[in-house]
Amino acid sequence: MVRIAPSPTGDPHVGTAYIALFNYAFTKQRGGKFLLRIEDTDRQRSTRQSEDMILASLKWLGIQWDEGPDVGGPNGPYRQSERLDIYRTHVDQLVETGKAYWCSCTAERLDAVRKEQTARKENPGYDGRCRFRDPTEVKAEIKGGAPGVVRLKIPRGPGDPKAGADASSSPQLVSFVDHLRKELEFNTKEVDDQVLQKSDGFPTYHLANVVDDHLMGVTHVFRGEEWISSTPKHVLLYRAFGWEPPEFAHLSLLRNSDKSKVSKRKNPVSLNWFKEAGYLPDALVNYLGTMAFTFEDGREIFSLQDFVDHFTLDRVSLNGPVFDLKKLLWLNGRYLREKRNDQQIVQYLKERLFNDDYLLQIVKIAKERFEKSEDFVSYAPWFFSAQPYVEGGGDGADLLIRGKTKKETLALWEALVERIDVALVFSHDNVDVVLKAWCEASALSPKDAFMPLRLMLTAKKATPGLPESMSVLGRERVRTRMRAALELIKKLPEIPASKPGEIAPASSPAKTTTTP
RNA sequence: GACCCCAUCGUCUAGAGGCCCAGGACAUUGCCCUUUCACGGCAAUGACGGGGGUUCGAAUCCCCCUGGGGUCGCCA
């Protein structure tokens, strides 16, 4: 029994699919079950909409689970928010057996402690104040309104600054086997007295995932490398409950081209985007498979079933693979040519690109501007191409903002992408607000800023209004187009002024015009 | 900074001591096919991070360094 346990915050992530795929292959090969659990313990950020998208995306990719919130199963419920009483019981049990304790420290105090520790060059972490206090006193404070959390009492060894009266005489080591590596060992002085239950009564990931994995009968945990350093906490938790931990294996993380952990700021990561941008699910699954696995016979093109059939842990690689959109594109092309017939492609185009819903949105914002059907095609081709500006051969010179240097322009566009990223809903009205706020904060006039923006998104000077065009394109496409265009700007020679075609002297007054 | 993980072409990787002056794929470049562009075919460029060991012999084993990454939250 394995699981994928996504957190329903935001868009479905390509990393979720990647981890899900490896879990799926491992368990299906040995006839095991695959369950999907929703880790919605973050009350603020979890949404049902996000959950729905994640489920839909994984299904789109053909990765189907045997148990989950939508299909049910013997180990439900599969949403952590529906298992609160279970966690509470378990937390109580830990407190009663002295394996965990209540803590009433405020966020301010914790910050201060961390600061001091950092200043003293100690590792930041909870200092264990409430661990050594009278529990009834702590309880009273919590009743009186102090925040109340429950922390795990990590066994402490000698020389551990957080040990207090609990220091045992021998070093406290925790080890576990990572099936893709070897035995990994940690000293508990590197492990924090982790919060298990937050002050809102919800469990933290650490508690919920351990309790659920145990109760749901999960035998193997395949997850991202980012979890290695919290695995000791989990092992200690299993131990506190008196349970046997599952087998662990940590997969290396997908990377941006600069080798950092893949992120939306540097790469498209939303499965929604891949779907909208015309990537085929089987091609994407194939590609994700190649990110950390190679077939013994060297084949690079394989189906999900092939992957399941041939998967083996000793052919999993641990280098952090760079997610290379170019290679995915090549693969996708081969799938389109070799694994789809003409009829299927027509069908696919209708569904993905020329579906009624999308066309309707476009017509709604563009119809005033055309008089016959073909006008529509010549007027709005950028609704149907991935990167119109870049593909159109633009060099980026006309994307500079009037009166700004290259560097200033880049900073401004970056700031706008940032605002677009955090906008709650990508509706016409919201985009309008975002654009206006950005102009205002940057002391820009829309007149100077909107044309280059329009160009980078559409490669055209005449388009429907920017906010409505952007909202129809959607956040992911807007971000991707902007990022691609920014790369072009970066390659531009350093020219102080920004009027295309105009060579400004070194003593250009451009800089003096940057502030109104 | 502390702890941990990782280390072969620009990228994904093959390679589990001699078969490797390192093989494949993407990307790049050139040629062929072709009215064009693609597709396809052929070819070229291109890597074992550095230093010590072990060994008759090391990309492969060990150590150190370096580099990259992750974690250090009442987020997962």
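The analysis underlying the following values was restricted to heavy atoms, covering all of them including side chains, and did not include hydrogens, waters or symmetry mates. Throughout, a chain's letter reflects where its sequence line sits, starting with A, and its residues are numbered from 1.
Here the closest non-hydrogen pair linking A:Val150 and A:Ala100 is CG1-CB, 3.8 Å. Annotation for A:Phe302 and A:Phe307: closest pair CE1-CD1, 3.7 Å, computed over non-hydrogen atoms.
When both pairing distances are held under 3.5 Å, B:U28 makes a Watson-Crick or G-U pair with B:A44. Across all strands shown, B:U54 has no partner, as no Watson-Crick or G-U wobble contact with both distances under 3.5 Å is found. The partner of B:U34, taking Watson-Crick or G-U wobble pairs whose two distances both stay under 3.5 Å, does not exist in any strand shown. Base-pair partner of B:A7: B:U66 (Watson-Crick or G-U wobble, both distances under 3.5 Å). If you check B:A59 for Watson-Crick or wobble pairing at under 3.5 angstrom, you find it has no partner at all. For B:A2, the paired base is B:U71 (Watson-Crick or G-U wobble, both distances below 3.5 Å). With both pairing distances under 3.5 Å, B:G17 is matched to nothing as a Watson-Crick or G-U wobble pair.
Atom NZ of A:Lys33 has 12 or fewer neighbouring heavy atoms from other residues, nucleotides or ligands inside a 6.0 Å radius.
Comparing atom distances between the A:Asn319 side chain and each of B:A7, B:A25, B:C39 picks out B:A7 as nearest.
When rounded to the nearest whole Å, the span between CD of A:Glu122 and P of B:A2 equals 14 Å. Rounded to an integer number of Å, the gap from CD of A:Glu300 to P of B:U11 is 16 Å. What separates CD of A:Glu296 from C1' of B:G23 is a distance of 15 Å, to the nearest Å. One atom, CG of A:Leu331, and another, P of B:U11, lie 19 Å apart when rounded to the nearest Å. For A:Gln117 and B:C3, the CD to P distance is 16 Å, given to the nearest whole Å. At whole-Å resolution of the value, CG in A:Asn267 and C1' in B:U11 are 12 Å apart. Remark: P of B:C3 and NZ of A:Lys162 are 13 Å apart, rounded to the nearest angstrom. Here the C1' atom of nucleotide B:A2 and the CG atom of A:Asn187 are 12 Å apart, to the nearest Å.
Between A:His310 and A:Glu296, every side-chain heavy-atom pair lies at or beyond the 4.5 Å cut-off. Within the 4.5 Å cutoff, no side-chain heavy atoms of A:Thr89 are placed close to those of A:Gln93.
Rounded to whole Å, the separation between the C1' atoms of B:G24 and B:A43 comes to 16 Å. On the P atoms, B:G49 is 23 Å away from B:U55, given to the nearest whole Å. B:A25 sits 12 Å from B:C9 when the C1' atoms are compared, rounded to a whole Å. One C1' atom belongs to B:G1, the other to B:U60, and the distance between them is 34 Å to the nearest Å. The same atom, C1', is picked in B:A76 and in B:C37; the two are 47 Å apart, to the nearest Å. Rounded to a whole angstrom, the distance from the C1' atom of B:C61 to that of B:U54 is 8 Å. B:G23 and B:A14: their C1' atoms are spaced 6 Å apart (whole Å). Distance noted for atom C1' between B:G68 and B:U8: 15 Å (whole Å).
The shortest distance between the side-chain N/O atoms of A:Thr290 and the OP1/OP2 oxygens of B:C12 is not below 4.0 Å. In this model, the phosphate group of B:G40 is approached by a side-chain N or O of A:Arg337 to a distance below 4.0 Å at OP1 or OP2.
Within the nucleic acid shown, A:Leu328 has no heavy atom closer than 4.0 Å to any nucleic acid atom. A:Phe186 comes within contact range of the sugar-phosphate backbone alone, with a heavy-atom separation under 4.0 Å but no base atom that close. Residue-level contact check: A:Gly320 touches the backbone only, with heavy atoms under 4.0 Å from sugar-phosphate atoms and none from bases. Using a 4.0 Å heavy-atom cutoff across all strands shown, A:Arg223 reaches no nucleic acid atom at all.
Remark: A:Lys198 fails to qualify as a cation-pi partner of A:Phe202 under the 6.0 Å distance and 45° angle criteria applied to the six-membered ring.
The NE2 atom of A:His234 sits 9.5 Å away from the CG atom of A:Leu207 when rounded to the nearest 0.5 Å.
Judged purely by atom type and a 3.5 angstrom limit, A:Tyr287 uses its side chain to pair as donor or acceptor with the backbone of A:Asp324.
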| request: For each nucleotide in nucleotides 70-76 of chain B, reading 5' to 3', give B when a protein heavy atom comes within less than 4.0 Å of its base, S when such contact involves only the sugar-phosphate, and - otherwise. | output: SSSSBBB
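A ring-centre distance under 6.0 Å is not found for A:Phe22 and A:Phe26.
A:Lys327 contributes no side-chain N or O that forms a donor-acceptor pair with the base of B:A27 under 3.5 Å.
Across the interface with RNA chain B, nearest-nucleotide mapping of A:Leu180 and A:Lys326 shows A:Leu180 to be the residue nearer the 5′ end. Both A:Arg334 and A:Leu318 lie close to RNA chain B; mapped to their nearest nucleotides by heavy-atom distance, the more 5′-ward contact belongs to A:Leu318.
Ion pairing between A:Glu414 and A:Arg483 holds under the 4.0 Å rule for side-chain N and carboxylate O.
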